[in-house]
Colleague: 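Structure provided below as structure tokens; questions to follow.
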Amino acid sequence: MIAFVDLSARLVLRAEAEHSQPQEFYDALCLRGALLLGGQAAAASTEVFGTDQAPPEAVLLHEGRFELFVRAPRDPDEALCAVIGGEADIAAALAAMRATMAEIVEIVDAAPPAAAAGGSQDRGR
């Protein structure tokens with residue numbers, strides 16, 4: 001299962017899963033991601049590691065499965081969250097998530113800027 005989330009709103013924007021999960025599952029996953037990447041756990045890690053930046057990634061063992069969180073490089077409120085089996089290759093999963101996040105950033109960067117509402121286009125005047 002993988003999801004693209006807004007950490008500040010605690011909202012799952014898009015999720016892909018082999019088996020459908022109840023909304024409460026996604027809500028709890030998003031909350032754990034927000035806490036690990038920007039909450040008290042993040043504050044503790046910045047103190048322990050002597051850095052002034054919240055962690056870009058986190059891994060949590062929860063109910064026998066690993067939950068992986070990778071923050072977007074330019075928007076700290078966006079992240080990918082994944083749930084993998086307890087015997088899965090964490091390093092490979094994180095590498096795949098980093099690559100996916102890089103692809104998302106590339107797509108966003110390539111998109112034309114949105115026209116302002118009621119834009120200033122010449123309408124044949």
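Residue numbers start at 1 and run along the sequence shown.
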Colleague: In residues 16-28, what donor-acceptor pairs under 3.5 Å come from side-chain atoms, sequence neighbours left out?
Modeller:
| from | atom 1 | to | atom 2 | distance (Å) |
| --- | --- | --- | --- | --- |
| E16 | OE2 | R14 | NH2 | 2.6 |
| Q23 | NE2 | D27 | OD1 | 2.9 |

Colleague: Looking at every heavy atom in both A88 and I84, which two are closest together, and how far apart are they?
Modeller: CB-CD1, 3.6 Å

Colleague: Do L61 and L68 belong to the same hydrophobic cluster, where Ile, Leu, Val, Met, Phe, Trp and Tyr are linked whenever their side-chain heavy atoms lie under 4.5 Å apart, directly or via other members?
Modeller: yes

Colleague: Using the rule that Ile, Leu, Val, Met, Phe, Trp and Tyr join whenever any side-chain heavy atoms are under 4.5 Å apart, tell me whether L60 and I90 fall into a single cluster.
Modeller: no

Colleague: Can you hop from L94 to M1 via hydrophobic side chains spaced under 4.5 Å?
Modeller: no

Colleague: Nearest heavy-atom pair of I2 and M97: which atoms, and what distance?
Modeller: CD1-CG, 4.3 Å

Colleague: Kindly give the heavy-atom pair with the smallest separation between S8 and D6, and that separation in Å.
Modeller: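 Heavy-atom minimum between the residues: OG-OD1, 2.8 Å.
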
Colleague: Identify the heavy atoms of F69 and C81 that sit nearest to each other, and give their distance.
Modeller: CD2-SG, 3.3 Å

Colleague: Can you name the residues that form a side chain to side chain contact (heavy atoms under 4.5 Å, CB included) with P55, not counting sequence neighbours?
Modeller: A42, S45

Colleague: Which atom pairs, one a donor and one an acceptor, fall under 3.5 Å between side chains of residues 101-113 and the rest of the protein, sequence neighbours left out?
Modeller:
| from | atom 1 | to | atom 2 | distance (Å) |
| --- | --- | --- | --- | --- |
| D109 | OD1 | R74 | NH1 | 2.8 |
| D109 | OD2 | R74 | NH1 | 2.5 |
| D109 | OD2 | R74 | NH2 | 3.2 |

Colleague: As a quick check of understanding, evaluate side chain to side chain contact (heavy atoms under 4.5 Å, CB included) for V70 and T100, giving each step before the final call.
Modeller: CA-CA 10 Å; V70 175; T100 299; over 6 Å; no

Colleague: Applying salt bridge (Lys or Arg N to Asp or Glu O under 4.0 Å), name anything that partners R98, two or more places apart in sequence or on another chain.
Modeller: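 Partners of R98 under the salt bridge (Lys or Arg N to Asp or Glu O under 4.0 Å) test: E57.
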
Colleague: With a cut-off of 3.5 Å and sequence neighbours excluded, list every side-chain donor-acceptor pair involving residues 29-37.
Modeller:
| from | atom 1 | to | atom 2 | distance (Å) |
| --- | --- | --- | --- | --- |
| R32 | NE | E67 | OE1 | 2.7 |
| R32 | NH2 | E67 | OE1 | 3.4 |
| R32 | NH2 | E67 | OE2 | 2.7 |

Colleague: Just to verify, what does D75 make a side-chain hydrogen bond (donor to acceptor under 3.5 Å, both in side chains) with, not counting sequence neighbours?
Modeller: none

